Amino acid sequence: MRSASEHDKVEGFPVHFALNLVLVSSESRSKVLLAMARSTSKDAQALLHSFRSAYAATPTNLKIIDLYVGFAVFTALIQIAYIAIVGSFPFNAFLSGLLSCIGTAVLAVCLRIQVNRENKEFKDLPPERAFADFVLCNLVLHLVIMNFLG
Amino acid sequence: MQRVPSYISRSVAGSYDNEAVAIFALIFTFYLYIKTLNTGSLFYATLNAIAYFYMVCSWGGYTFIINLIPMHVLLCIVTGRYSSRLYIAYAPLVVLGTLLASLVPVVGFNAVMTSEHFASFLVFIIIHVVALVYYIKGILSPKMFKVAVTFVVSIGVVVCGAVLAVLIALVASSPTKGWSGRSLSLLDPTYASKYIPIIASVSEHQPPTWPSYFMDINVLAFLVPAGIIACFSPLSDASSFVILYIVTSVYFSGVMVRLMLVLAPAACIMSGIALSAAFDVFTRSIKFQLPGATENSERDAGETSSNSVVAQNDVAKTEKNEDAVKERPSKKNRKKEKEKENVEKPSVKSQIKKKLLILPLEASIIAIFLLVLLGAFYVVHCVWAAAEAYSAPSIVLTSHSHDGLHVFDDFREAYAWLSHNTEVDDKVASWWDYGYQTTAMANRTVIVDNNTWNNTHIATVGTAMSSPEKAAWEIFNSLDVKYVLVVFGGLVGYPSDDINKFLWMVRIGGGVFPHIKEPDYLRDGQYRIDSQATPTMLNCLMYKLSYYRFVETDGKAFDRVRRTEIGKKYFKLTHFEEVFTTHHWMVRIYKLKPPKNRIRGRAKKSKSKASSTTGTKRIGTKKKNPWH
């Protein structure tokens with residue numbers, strides 16, 4: 001404001017006008033930013049809303065599988081937090097634990113892909129067969145993990 | 001594929017090195033991967049992981065698989081061929097494969113710590129991202145999807161940047177950027193010669209010469225490009241994988257001749273594809289042009305016009321024209337022919353994708369005959385290569401001269417002598433090339449053998465061979481060695497003897513023991529054993545053990561391999577004594593002389609002190625090394 005008054009003294013009206021413009025433009029800029037933020041939040045909300053509505057349409061068995069995947073990933077995250085805090089001394093135990101979580105998550109995703117009725121490629125695959133494969137793969141995975149757990 | 005000489009080269013007379021098993025495991029793993037990719041069944045994915053485990057157990061080359069498959073997945077994603085089958089094929093393999101690989105003790109934690117495996121993890125993350133993107137795209141409407149994309153990209157870029165920075169800092173902190181020596185020597189062919197002489201010294205690790213390609217894969221060498229082109233015509237996931245496999249294996253076989261082994265199955269597959277495509281075309285041409293079945297061929301042509309048969313040769317066209325001319329007199333046929341033409345034209349236009357090629361009859365018959373002949377030549381060559389080049393037991397050497405066949409049985413002579421004339425516990429020191437042979441045939445313990453897993457041990461033996469007699473005696477005595485075996489080809493002209501391998505002894509020894517300096521042995525940058533040789537060379541153990549009493553053979557001591565007379569002709573051995581030399585002087589065995597009971601210096605002192613007795617043993621003296 002001091003500079004403004006000095007400028008006022010020196011140049012008078014145009015500077016005042018320019019300053020007003022600057023103020024106005026900064027205001028408008030902030031307005032624009034605010035508008036953008038609002039629009040992004042609105043977009044985000046709309047996005048979440050549409051995502052939620054689309055997801056609600058999935059059949060129940062797929063939702064169960066998704067829950068299982070979420071649980072496996074959550075367990076993996078807990079293990080990572082543990083190793084960050086306490087350290088990774090029996091490294092083979094850590095590795096086997098982590099990879100078992102990730103492994104079951106991956107296999108569950110594969111099961112979901114195969115069971116999903118909207119998936120054209122697996123139309124001919126009976127879901128029982130997909131589940132049997134899933135169980136077999138899990139058996140092998142857990143056998144290896146038990147061996148590696150030490 | 002069992003005929004290709006490169007695969008046969010890994011097994012001799014029924015015994016085999018681990019690669020013979022490993023290549024089967026490699027091909028089996030690849031086969032199961034392609035099968036999983038094609039069917040999308042989790043069962044095959046499990047089998048794939050188990051086959052991969054088999055591969056890890058058998059050969060260190062499994063890193064080839066764990067890098068090739070991610071590369072292929074990345075290629076599929078980039079070219080827009082992502083499908084859920086790809087996810088099923090790849091993701092379980094990574095998790096199960098890493099776990100199974102860590103089970104093998106040799107690999108252990110390297111499965112997650114070394115850079116060789118990082119590619120698989122990176123692509124694992126990438127494929128999850130891509131899968132998620134496709135999933136969300138499927139659920140949301142296009143507008144919402146765009147919003148989601150902008151949202152995620154802005155956040156994701158920041159997160160990825162942070163993670164990448166951490167990772168790069170971690171990797172760059174290690175001197176070799178996390179790669180092991182063997183992998184580095186593959187990626188940078190000059191690495192081994194600079195840093196790891198023992199890897200560079202193995203003859204199988206040298207780059208191959210051009211003729212060795214023809215020798216090893218023969219006819220396949222020019223069928224492979226044909227196969228690559230054939231793979232492109234229906235480009236599927238599987239064919240893109242085979243193309244990637246062959247390109248990478250060609251590169252790696254160019255670095256190390258031993259890896260021609262990995263190229264061989266790829267070449268076989270490619271040639272098989274090329275040959276089957278060629279045979280397809282030829283047999284089809286013959287089937288359609290069998291003489292005396294013109295009506296049949298018309299009908300066939302009419303029926304298969306739905307497959308859009310397109311004649312590409314003028315000869316075929318004139319044949320058809322002849323048919324047309326023949327049929328012109330009869331109206332019914334003309335109608336049929338017109339219909340046929342009309343049917344053909346739109347079907348040609350509509351199904352340009354499936355163009356089947358028909359060649360004239362004579363050309364296809366000759367071509368089939370030639371291809372069969374080619375196959376016959378290939379079989380003959382493979383059998384010859386297997387018999388001559390790869391089955392020659394290098395333990396009995398033969399040479400043809402004007403007076404018949406000479407047999408050099410020196411190796412077995414020496415091993416038999418060792419097994420009959422030495423104690424069971426005696427240890428034999430030689431260069432590592434003869435380790436397995438000595439252990440098997442002479443039944444004696446050796447210091448270093450072909451396994452070459454202990455570099456320091458080999459360097460110790462190399463240092464001993466390059467040192468003067470006294471130092472060498474001390475080294476061998478500390479290793480509890482009784483006999484030293486050297487291979488010498490100077491009398492008969494056998495080129496792979498120990499003097500020719502001497503440069504590796506110096507290099508490997510010098511790599512661990514810095515007092516062995518290679519320039520000490522070189523005159524003008526060359527290893528010489530004639531009068532121009534350096535004094536270090538003329539005094540080293542290898543020289544002395546090879547040329548001891550050599551001058552007695554022809555009076556002039558002319559070395560037939562190096563083609564020169566040797567430098568030092570008359571000398572005595574002070575710390576070793578010669579116990580056996582074979583008939584053609586090819587193997588020479590020396591025994592370490594036991595340390596003297598009398599110490600000359602002390603004996604002189606005792607003489608001056610006690611004037612009567614000579615040669616008294618001083619029992620209570622301090623134990624000193626008698627050779628000092």
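The model shown is predicted, which means the values in this text are computed figures rather than measured ones. Every chain is numbered from 1, with letters handed out A, B, ... down the list of sequences.
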Under 4.5 Å from a heavy atom of chain A, the part of [X] involved:
{"X": "B:Y135", "value": "side chain"}
{"X": "B:Y90", "value": "neither"}
{"X": "B:T39", "value": "backbone"}

Other residues, nucleotides, ligands: >12 heavy atoms within 6.0 Å of [X] [atom1]:
{"X": "A:F131", "atom1": "CZ", "value": "no"}
{"X": "B:F28", "atom1": "CZ", "value": "no"}
{"X": "B:F43", "atom1": "CZ", "value": "no"}

- Would a 4.5 Å heavy-atom cut-off, applied to side chains only, mark B:F124 and A:V106 as touching?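 Result yes, sub-4.5 Å side-chain heavy-atom pair found.
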- Task: Check whether any side-chain heavy atom of A:D133 sits under 4.5 Å from a side-chain heavy atom of B:Y44, and report yes or no.
- Result: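 No, every pair of side-chain atoms sits at 4.5 Å or beyond.
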- Message: Using 0.5 Å steps for rounding, measure from the CG atom of A:L136 to the OG1 atom of B:T46.
- Response: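 Spacing of CG (A:L136) from OG1 (B:T46) equals 5.0 Å.
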- Check each atom of A:I113 against the heavy atoms of chain B and say whether the ones under 4.5 Å are side chain, backbone, both or neither.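 The side chain, not the backbone.
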- Mind listing the closest non-hydrogen atom pair of A:Q114 and B:L42 along with its distance?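 Nearest pair, atom of A:Q114 first, then B:L42: NE2-N, 3.6 Å.
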- Taking all non-hydrogen atoms of both residues into account, name the closest pair between A:R129 and B:S41 and its distance.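 Heavy atoms only, the tightest pair is NH2-OG, 3.5 Å.
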- Of all of B:L99, B:V95, B:L96, which one pairs up most often with chain A through heavy atoms under 4.5 Å apart?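 It is B:L99.
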